[in-house]
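Below: one structure, written as structure tokens.
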Amino acid sequence: MEENIKPDFVFESSWEVCNKVGGIYTVLSTRAKTLGCELHDNLIFIGPDFGRVDHSLFSQDDTLFPAWTAKAAQEGIAVRVGRWQIPGNPIAVLVDFSPYFERKNDIYAGMWNDFRVDSLHGYGDYDEASMFSYAAGRVVESFYNFQLKGKYGNVIYQAHEWMTGLGALYVRKHVPAIATIFTTHATSIGRSIAGNNKPLYDYLYAYNGNQMAQELNMVAKHSIERQTAQNVDCFTTVSDVTANECRQLLDRACDAVLMNGFESDFVPTASKFTASRKKARQTMFAVANALTGRVFPDSTLIVATSGRYEFKNKGIDVFIESLCRLNDRDSLKHQVLAFVEVPAWVAGPRQDLMDRLVWSQSYETPLPNPVITHHLHNEGDDNVLNMLRWNNMQNGINDNVTIIFVPCYLDGADGIFNLSYYDMLIGNDLCVYPSYYEPWGYTPLESVAFKIPCITTNLSGFGMWVNKEKGSQSHIQDGVEVIERTDYNWDFVADAIANTVENYAGMPQAKVTAARKKAHAIAKKALWDNFIHQYWEAYDIALRHARERNKTS
């Protein structure tokens, strides 16, 4: 068997480099150390420069490539070079993309002429992402010509999501010696179809991506995503479920699937784990008591969901429905305290709740609106609050299930919990992520990493992978309950979640302990050490295609 061609140098570009806003940040920041063990400082991440400095994420180092940064400045490219403050401390280049807005029409015209990218209908964040992407492409061109040309033969540029597509196409044209990879973590049109309550899966074979982009006003984002996929040397995604989507909606089959792994160094061990779990539970019980006036014994089952606020796509709606049904069951063995942790249009922490928490005492009366920890700007229009009102779930004294909406980022300074997301996660007994649209699913993977069994669906990349690893459908006693979800079985999913939570609440401690161990075992299989070979295979594909392309050009 022929050995893979290995890259000498790799650039990676993403809107989330040194910019902690979503799941791609987790992908890149946890993988960097594993990749850096092979590439060392021949791995450079390129991200947007917003003119501010978050020293917890980026540390500028003027000793890195000073001659090139001077040359780049002469070329009109403003960059800051330093280290991304993550495990492995890789080199990061942050580029100021603001100067390109005044030239955007010419840039878009060039992309139409060269690659038929339709930017005419762009709106919202399209211009901002595209100007960053173009700037990143120019960074790669400048750095390659000044530092690498004639020294390194195998160079890769990997672009993540539609926000970096313009740069990948720029590199494809202006630096043809560089092999290009485009990774879509979720197709923009697939997410839009799902989010607009159209059946994505049963009718996937019949959808035309271009037609649906017109219908859903997604032409610009779909166009850059499709044309980038069509023109790079290697096109990849993160799961089999999204690979099917790409084939149909972007009209190109993926060359490789790059599953999302993680590093376990953020999970506390031994006595620290126990202490962190105890602190998290005490904090959650204290907030719940101060909000509702109820006392929660330690036997209470703490259940949570979290992620981006996509009410249908993330399954937030069916999670709440399952809890409402569970509340009507007298057979429930223990109280259930459930948290919905999704950032909304938050206006700040509730002062009345903060005042109660200061006194560190037990309360017997609820606060007004005892279902939410923070104020919202749009409480009357919020989906979670409206669904709770519709189902008359207001955390009454006799309810079997208490539901608390936490509509803020858990960054350790939210004013109520003041714990980071991971410091809260460790206190849960069970996590639920019943996604309808989920290309991979870091939240369930993070859950099992903390030895917390979870519920997900077969429509998530992670759920599909778990079933494949087991060789059959996985259940909660295996560490992960993978519920079969379709376009039309919402009612079944709600019952399945309620049944699983009730069953888990009634499991003897020995079985709970066994399930927690199996959950952790699943997480170990998803370490980057077990997935990183997929990247080397993608590099090989890209480099071989680039060689053939350059032979014939």
Side-chain angles (χ1 to χ4, degrees), residues 7-22 24-100 128 131-152 154-160 163-164 167 170-171 175 178 263 265-266 411-412 420 528 532 535 539:
D8 302 313
F9 212 99
V10 173
F11 298 97
E12 281 202 58
S13 177
S14 169
W15 184 255
E16 299 186 34
V17 169
C18 301
N19 182 30
K20 197 171 186 178
V21 295
I24 298 174
Y25 182 95
T26 307
V27 177
L28 303 184
S29 63
T30 59
R31 174 169 48 77
K33 183 179 179 181
T34 304
L35 206 54
C37 288
E38 288 274 350
L39 293 167
H40 307 290
D41 278 350
N42 286 8
L43 169 67
I44 292 182
F45 290 93
I46 305 171
D49 191 345
F50 300 108
R52 51 180 163 76
V53 179
D54 185 342
H55 294 290
S56 68
L57 298 180
F58 176 77
S59 176
Q60 188 165 337
D61 185 347
D62 294 332
T63 67
L64 291 170
F65 315 119
W68 169 68
T69 56
K71 175 66 174 175
Q74 292 175 6
E75 297 170 348
I77 305 170
V79 296
R80 286 189 292 155
V81 184
R83 299 278 179 179
W84 193 355
Q85 299 302 292
I86 55 176
N89 292 112
I91 295 174
V93 175
L94 303 186
V95 58
D96 179 7
F97 55 91
S98 59
Y100 299 102
E128 186 178 44
M131 293 307 98
F132 157 65
S133 183
Y134 177 82
R138 289 206 62 201
V139 166
V140 172
E141 177 188 32
S142 173
F143 190 95
Y144 177 83
N145 289 334
F146 189 82
Q147 293 277 151
L148 306 181
K149 194 172 183 179
K151 299 177 184 177
Y152 296 101
N154 298 326
V155 180
I156 294 280
Y157 180 60
Q158 183 170 7
H160 293 269
M163 290 90 84
T164 57
Y170 182 92
V171 171
V175 201
I178 294 180
E263 294 293 348
D265 48 15
F266 60 88
D411 57 4
S420 71
W528 275 117
I532 201 66
Y535 278 79
Y539 295 154

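- A pairwise comparison of heavy atoms in I178 and I156 identifies CG2-C, 3.9 Å as the closest pair.
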Check residues 136-145 and write down every donor-acceptor pair under 3.5 Å in which the side-chain atom is one partner and the other belongs to a residue at least two apart or another chain.
{"from": "R138", "atom 1": "NH1", "to": "Y100", "atom 2": "OH", "distance (Å)": "3.3"}
{"from": "R138", "atom 1": "NH2", "to": "E75", "atom 2": "O", "distance (Å)": "3.2"}
{"from": "E141", "atom 1": "OE1", "to": "Y170", "atom 2": "OH", "distance (Å)": "2.6"}
{"from": "S142", "atom 1": "OG", "to": "W68", "atom 2": "NE1", "distance (Å)": "2.9"}
{"from": "S142", "atom 1": "OG", "to": "E75", "atom 2": "OE1", "distance (Å)": "2.7"}
{"from": "N145", "atom 1": "ND2", "to": "E141", "atom 2": "O", "distance (Å)": "3.2"}

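- Ring geometry for F132 against W15 counts as perpendicular: the plane angle is over 60°, on a 0 to 90° scale with 30° as the lower cut.
- Heavy-atom minimum distance, A92 versus F58: O-CE1, 3.7 Å.
- Y152 is listed as a side-chain neighbour of N42, based on a closest heavy-atom distance under 4.5 Å.
- Residues R83 and I91 share a closest heavy-atom pair of NH1-CG1, 3.5 Å.
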Legend entry - Steps toward side-chain contact (heavy atoms from CB on, under 4.5 Å) verdict (V171, F11): CA-CA 11 Å; V171 171; F11 298 97; over 6 Å; no
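- Contact annotation: the side chain of I46 never approaches that of V17 to less than 4.5 Å [non-hydrogen atoms, C-beta and beyond].
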Inset, instruction - For the pair Q147 and F9, evaluate side-chain contact (heavy atoms from CB on, under 4.5 Å) and give the outcome as yes or no after the intermediate values. - result: CA-CA 11 Å; Q147 293 277 151; F9 212 99; over 6 Å; no
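- A donor-acceptor pair is defined here as one N or O able to donate and one able to accept, closer than 3.5 Å; such a pair exists between the side chain of D8 and the backbone of N154.
- A donor-acceptor pair under 3.5 Å is absent between the side-chain atoms of Q158 and the main chain of V10, judged by distance alone.
- Contacts of S59 classified as side chain to side chain contact (heavy atoms under 4.5 Å, CB included), with partners at least two apart in sequence or in another chain: Q85.
- Scanning both residues, T63 and P66, for their nearest heavy atoms gives O-CD, 3.4 Å.
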Taking only distance into account, with no hydrogens and no angle test, what donor-acceptor pairs under 3.5 Å do side-chain atoms of residues 27-38 form with protein atoms, sequence neighbours excluded?
{"from": "S29", "atom 1": "OG", "to": "Y25", "atom 2": "O", "distance (Å)": "2.7"}
{"from": "T30", "atom 1": "OG1", "to": "T26", "atom 2": "O", "distance (Å)": "2.6"}
{"from": "T30", "atom 1": "OG1", "to": "V27", "atom 2": "O", "distance (Å)": "3.4"}
{"from": "T30", "atom 1": "OG1", "to": "W528", "atom 2": "NE1", "distance (Å)": "2.8"}
{"from": "R31", "atom 1": "NE", "to": "Y535", "atom 2": "OH", "distance (Å)": "3.3"}
{"from": "R31", "atom 1": "NH1", "to": "E12", "atom 2": "OE2", "distance (Å)": "2.6"}
{"from": "R31", "atom 1": "NH2", "to": "E12", "atom 2": "OE1", "distance (Å)": "2.9"}
{"from": "R31", "atom 1": "NH2", "to": "E12", "atom 2": "OE2", "distance (Å)": "3.3"}
{"from": "T34", "atom 1": "OG1", "to": "E263", "atom 2": "OE2", "distance (Å)": "2.4"}

Legend entry - Chi angles and distances behind the side-chain contact (heavy atoms from CB on, under 4.5 Å) call for Y157, V175: CA-CA 10 Å; Y157 180 60; V175 201; over 6 Å; no
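- Looking at V79 and D49, their side chains never come closer than 4.5 Å, going by heavy atoms from C-beta outward.
- The minimum heavy-atom distance linking P48 with L94 is given by the pair O-CD2, 4.0 Å.
- When all heavy atoms of A135 and F97 are compared, the pair lying nearest together is CB-CB, 4.0 Å.
- In this structure, CD1 on I44 lies 8.5 Å from CG on L64, to the nearest 0.5 angstrom.
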Inset, instruction - Go through the steps for V95 and M131 under the test side-chain contact (heavy atoms from CB on, under 4.5 Å), then give the verdict. - result: CA-CA 10 Å; V95 58; M131 293 307 98; over 6 Å; no
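- To the nearest 0.5 Å, the span separating CD on Q74 from OG1 on T69 amounts to 10.0 Å.
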